[in-house]
Protein chains: 2
Amino acid sequence: MATVSALGYALLCALHRGPLTGYELVQRMRKPIGYYWTAQQSQIYPELARLSASGLIEHDAEAGPGPRQRKTHRLTAAGREALAAWLVEPPALRAFRDEAILKTYALAAADPDGMREFYLAEAETYQRRLDDFQAQHADLLSGHADDPLHPQFGAFATLELALAGTPPRIRWCRWMAERMTELARLRRESTPAEGSTPASRTSPPDG
Amino acid sequence: MATVSALGYALLCALHRGPLTGYELVQRMRKPIGYYWTAQQSQIYPELARLSASGLIEHDAEAGPGPRQRKTHRLTAAGREALAAWLVEPPALRAFRDEAILKTYALAAADPDGMREFYLAEAETYQRRLDDFQAQHADLLSGHADDPLHPQFGAFATLELALAGTPPRIRWCRWMAERMTELARLRRESTPAEGSTPASRTSPPDG
DNA sequence: GGAGACTATGTCAACATAGACATAGTCGGG
DNA sequence: CCCGACTATGTCTATGTTGACATAGTCTCC
């Protein structure tokens with residue numbers, strides 16, 4: 001059996017509730033799925049061809065708006081099986097990249113006032129995202145997607161996690177902004193004259 | 001000026017508190033920094049060469065254990081400047097990949113008992129990670145790294161975020177495990193005979 | 001009637017990343 | 001005395017990922 005990449009499984013996941021065109025898959029990888037798994041158009045179309053070649057998906061074709069046919073993809077029995085087997089396996093990918101946390105690590109090398117603005121902007125970004133999540137959550141709730149038997153319960157559950165995880169992150173950003181205000185004040189105080197003398201006493205080198 | 005990749009900035013971040021050898025950088029990209037920014041050895045050595053060519057870092061060399069020289073890298077004034085300028089900029093990378101959430105989205109296609117095990121294993125993984133974070137946090141606290149003036153305040157702040165974000169995630173995993181138990185029971189009830197008749201009534205197709 | 005957005009599929013080149021391999025000295029345990 | 005782990009630097013190949021380009025019909029607003 002051909003090995004399937006993580007992106008391949010992501011597409012199988014996207015197709016689990018019913019057939020979609022390539023274009024619709026591109027949208028899904030931006031909006032609901034894109035919150036936890038992104039992919040560009042240029043990855044998606046070749047991957048669909050590979051999945052098709054492996055017999056995990058199949059498609060109908062009709063005349064499309066452009067010079068090419070419009071294809072509607074759906075899972076085959078083999079695809080559904082491969083997906084079910086992958087879902088219960090422990091995640092292979094644990095690597096995770098967050099630029100804001102990386103920047104926080106090296107915070108001592110930055111200007112405190114600039115970092116304050118940085119954290120306030122971060123807080124705003126996450127607040128907007130939270131509002132979006134809450135709207136989607138309310139939508140699903142009104143359709144009773146909180147019932148584990150509901151076909152959209154999975155989507156509902158991802159929002160439950162986002163709704164639990166985002167507020168602590170916003171609070172942390174605001175707390176960091178306050179610490180940066182404090183840091184700016186402390187640095188000013190420890191450098192009495194506005195001249196160029198660096199106050200090296202307050203920064204002991206440390207392993 | 002030469003453009004620096006995200007990995008390049010990650011290395012500048014790692015070097016912000018003092019010089020490190022390539023090997024030490026490899027360790028850092030696994031243990032403390034690796035929690036939010038990972039990189040393999042095979043990426044790090046070429047990137048160090050690029051940063052050196054751009055004049056952002058420089059190194060001393062001494063005889064090493066192997067056939068090559070051991071190099072201790074440190075930031076140049078230009079490197080410190082480039083880092084400071086980058087730190088206050090809003091994050092360019094917002095993409096984020098989480099296999100567990102992806103799997104949750106397609107949960108309806110999986111076996112509930114298998115998924116229950118999946119979420120319990122996830123909860124355990126995050127619990128172990130939380131224990132690790134708490135130990136590091138206590139260590140830094142005992143060195144008064146909670147003071148914004150302390151050179152390790154940045155590392156302390158990343159742990160504050162981890163300590164705030166991990167418990168909600170663990171609670172969510174356990175909640176999901178309970179939902180899976182419930183789902184397994186509901187599916188058994190809606191399929192009275194242990195035969196092969198699928199209960200299609202409970203899964204309305206939905207957009 | 002024209003400009004720009006949307007539907008829809010795909011390719012291409014450049015860059016990022018992972019995993020395995022290669023080399024060689026030291027240090028500790030069995 | 002050998003084996004494996006650790007220190008230390010690097011290369012190689014394959015795969016994953018991004019961003020820009022190409023094509024073309026429809027629909028909407030000005």
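Fair warning: this is a prediction, and the values are worked out from it, not measured in the lab. A, B, ... follow the sequence lines: proteins, then strands. Residue 1 opens every chain.
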As an exercise, state the distance from CZ of R17(B) to CZ of R28(B), rounded to the nearest 0.5 Å.
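Between R17(B) CZ and R28(B) CZ, I get 7.5 Å after rounding to 0.5 Å.
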
> Below 4.5 Å, heavy atoms only, C-beta onward: do H59(A) and T72(A) meet side chain to side chain?
Replying inline: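 A side-chain contact under 4.5 Å is absent here.
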
Quiz item: Do H137(A) and F156(A) come close enough that some side-chain heavy atom pair is under 4.5 Å?
Solution: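 H137(A) vs F156(A): side chains touch.
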
OP1 or OP2 of [N] sitting under 4.0 Å from any side-chain N/O of [X]?
X      : N       : answer
Q43(B) : dT17(C) : yes
R97(B) : dT17(D) : yes
Y23(A) : dT9(C)  : no

Contact class for Q41(B) (heavy atom, under 4.0 Å): base, sugar-phosphate, or nothing?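 Since a base atom lies under 4.0 Å of Q41(B), the category is base.
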
At 4.0 Å (heavy atoms only), tell me whether S42(A) reaches a base, stays on the sugar-phosphate, or touches nothing.
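Counting heavy atoms under 4.0 Å across all strands, the contact made by S42(A) includes a base.
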
Item to complete: Kindly point out which of dG10(D), dT9(C), dG16(D) is positioned nearest to the side chain of K71(B)?
Response: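 Ranking dG10(D), dT9(C), dG16(D) by closest atom to the K71(B) side chain puts dG10(D) first.
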
S5(A) has a side chain; which of dT9(D), dG16(D), dA8(C) sits nearest to it?
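The nucleotide sitting nearest to the side chain is dG16(D).
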
Q | Closest-nucleotide 5' rank along DNA chain C - winner of P67(B) and H73(A) | A |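 That would be H73(A).
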
Please report the shortest heavy-atom distance between T38(B) and A95(A), naming the atom on each side.
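What the structure gives for the nearest pair is OG1-CB, 3.6 Å.
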
